[in-house]
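Note that the numbering runs from 1 along the sequence shown for the chain.
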Amino acid sequence: MENKKIKVLCLHGWGASPEIMQYQMKNFINYFPEMTFTYLKGYTEIPMSKIPDQRMIEVSPNKKFYAWGDTTYTNITGEMDRSHLFEVFQYLVDHINKEGPFDGILSFSTAGLFNHAFFIALSQGDLKDRLKVSPPKFAFFVNSNYLKSNQQMLTLPTIHIIGEKDILYSTSLMMSTSFVNPLMITVDEGHKFPRLTKIEIEKIRNYIQLALTDGKVTISPKL
């Protein structure tokens, strides 16, 4: 582990892009020099005319915007468009097979819905024959929405970073209840990648090392 970078695949929120997410994570990336963060654009392209956040348009270098299924910003209530879910899963699996394996997947905002659904499908064996490399061993959920229709508890080690001033605060808390022994970190910030303290960074680092060692975490640390 000492000389091997931890590979993390990042899934951006609605109406963003890999370039925007990298910009959003510019400080977050520096917290974890032992990790390599790579980015995958969403499955569905969103016209710029539908992007409500002018700041998002300003920071986009190529004015391209994507989502993981839904084409409208109004559907942030905890459900997702399932009409093309199989195709989206295959899109992600193809990328993991080509560029992976990845140690973990990090999702921001409504991408958490898809990330959650993907790990449910993995746990149920639906993607077993399609994934040609080892599956990710942990997941980050940053200010994430919650897949309301889920009734299954997952043993996957997960880190939940939740902003107390975030519009998705309550759904982020609900998301954490879908996993056994999650690491929960709450911060006094809004819908963004937050600033973390040295203690919080070490909590995350130790938790991930545990997850990568044997795939199990037997404690439930909270901040």
Side-chain angles (χ1 to χ4, degrees), residues 1-13 21-22 24-40 96 99-109 111-112 115-116 118-120 122-123 131 133-147 150 152-166 168-169 171-223:
M1 290 295 300
E2 290 78 14
N3 299 320
K4 179 188 175 185
K5 286 276 191 175
I6 298 171
K7 294 181 62 176
V8 179
L9 178 62
C10 301
L11 310 180
H12 60 75
M21 190 174 193
Q22 188 170 16
Q24 293 169 328
M25 292 179 61
K26 61 182 183 297
N27 294 323
F28 189 87
I29 292 169
N30 293 331
Y31 294 145
F32 304 102
E34 73 274 22
M35 299 185 193
T36 298
F37 297 94
T38 62
Y39 307 84
L40 179 64
I96 293 174
E99 303 294 338
F102 292 95
D103 297 296
I105 298 182
L106 182 155
S107 56
F108 177 64
S109 189
N115 196 17
H116 190 186
F118 177 72
F119 279 109
I120 291 173
L122 278 179
S123 72
L131 198 61
V133 298
S134 58
K137 294 182 178 180
F138 68 88
F140 275 99
F141 291 91
V142 181
N143 289 327
S144 179
N145 211 335
Y146 172 60
L147 189 59
N150 173 57
Q152 179 180 345
M153 289 289 291
L154 298 179
T155 58
L156 176 80
T158 55
I159 304 100
H160 302 260
I161 302 177
I162 304 171
E164 293 178 341
K165 297 177 181 177
D166 182 39
L168 298 177
Y169 172 72
T171 59
S172 293
L173 290 177
M174 288 298 296
M175 174 67 85
S176 69
T177 66
S178 297
F179 300 91
V180 176
N181 295 317
L183 171 62
M184 295 172 59
I185 295 177
T186 57
V187 296
D188 185 27
E189 295 194 44
H191 198 64
K192 57 184 287 190
F193 279 85
R195 293 161 293 187
L196 298 177
T197 67
K198 290 182 179 180
I199 293 175
E200 291 166 342
I201 293 168
E202 281 307 303
K203 286 276 189 180
I204 293 172
R205 181 172 287 122
N206 293 337
Y207 186 90
I208 288 176
Q209 290 294 342
L210 245 165
L212 294 179
T213 299
D214 61 7
K216 293 183 285 187
V217 178
T218 57
I219 56 175
S220 183
K222 300 189 180 192
L223 295 174

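Between the side chain of Tyr169 and the main chain of Asn143, no donor-acceptor pair closer than 3.5 Å is present. Side chain of Asn27 to main chain of Arg195: no donor-acceptor pair is present (N/O by atom type, distance under 3.5 Å, no hydrogens or angles).
You'll find the side chain of Phe138 reaches within 4.5 Å of the side chain of Ile6, heavy atoms only. Residues Phe28 and Leu196 meet the side-chain proximity criterion, which asks for heavy atoms closer than 4.5 Å. Within the 4.5 Å cutoff, the side chain of Met21 has heavy atoms near those of the Phe193 side chain. Here the side chains of Ile120 and Leu154 are in contact, with some heavy-atom distance below 4.5 Å. By the 4.5 Å heavy-atom criterion applied to side chains, Leu11 and Phe108 are not counted as neighbours. Inter-residue side-chain proximity for Leu106 and Leu9 is flagged as unmet; no heavy-atom pair is nearer than 4.5 Å. Within the 4.5 Å cutoff, the side chain of Lys7 has no heavy atoms near those of the Met35 side chain. Residues Ile161 and Ile204 are in side-chain contact: their nearest non-hydrogen atoms beyond the backbone lie under 4.5 Å apart.
Nearest heavy-atom pair across Ser144 and Met175 is OG-CE, 3.5 Å. The shortest non-hydrogen separation linking Gly104 to Pro136 is CA-CB, 4.1 Å. Nearest approach of Leu131 to Ser134, heavy atoms of both residues: CD2-C, 4.5 Å. In this structure, Tyr31 and Pro194 approach most closely via the heavy-atom pair CE1-O, 3.9 Å.
Separating the CG atom in Leu156 from the OG atom in Ser123 is a distance of 9.0 Å, to the nearest 0.5 Å. Rounding to the nearest 0.5 angstrom, the gap separating the OG atom in Ser176 from the CD1 atom in Ile159 is 12.5 Å. Asp166 CG to Asp188 CG: the interatomic distance, rounded to the nearest 0.5 Å, is 12.0 Å. Considering CD1 of Ile201 and CG of Asn206, their distance stands at 12.0 Å, rounded to 0.5 Å. We find the OG-NZ distance between Ser109 and Lys192 to be 14.5 Å, quoted to the nearest 0.5 Å. Expressed to the nearest 0.5 Å, how far CG of Leu173 lies from CE of Met184 amounts to 5.0 Å.
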| side-chain contact (heavy atoms from CB on, under 4.5 Å) assessment of Ile208 paired with Phe32 | CA-CA 11 Å; Ile208 288 176; Phe32 304 102; 5.8 Å; no

| task | List the steps, then state whether side-chain contact (heavy atoms from CB on, under 4.5 Å) holds for Phe102 with Val8. | result | CA-CA 6 Å; Phe102 292 95; Val8 179; over 6 Å; no

| message | For Ile162 and Val187: C-alpha separation, side-chain torsions, deciding distance, then whether side-chain contact (heavy atoms from CB on, under 4.5 Å) applies. | response | CA-CA 6 Å; Ile162 304 171; Val187 296; over 6 Å; no

| request: Begin with the C-alpha distance, continue with both residues' side-chain angles, and end with the deciding distance and a verdict on side-chain contact (heavy atoms from CB on, under 4.5 Å) for His12 and Tyr39. | output: CA-CA 8 Å; His12 60 75; Tyr39 307 84; over 6 Å; no

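In summary, Glu200 and Lys203 do not engage in a salt bridge, as defined by a charged side-chain N under 4.0 Å from a carboxylate O. A salt bridge is defined here as a Lys NZ or Arg NE, NH1 or NH2 lying under 4.0 Å from an Asp or Glu carboxylate O, and Lys5 with Glu34 fails to meet this definition.
The aromatic rings of Phe141 and His116 lie perpendicular to each other, with more than 60° between the two planes, well past the 30° mark.
Ring to ring, Phe179 and His160 are close: their centroids are under 6.0 angstrom apart.
More than 12 non-hydrogen atoms from other residues, nucleotides or ligands lie less than 6.0 angstrom from NZ of Lys26.
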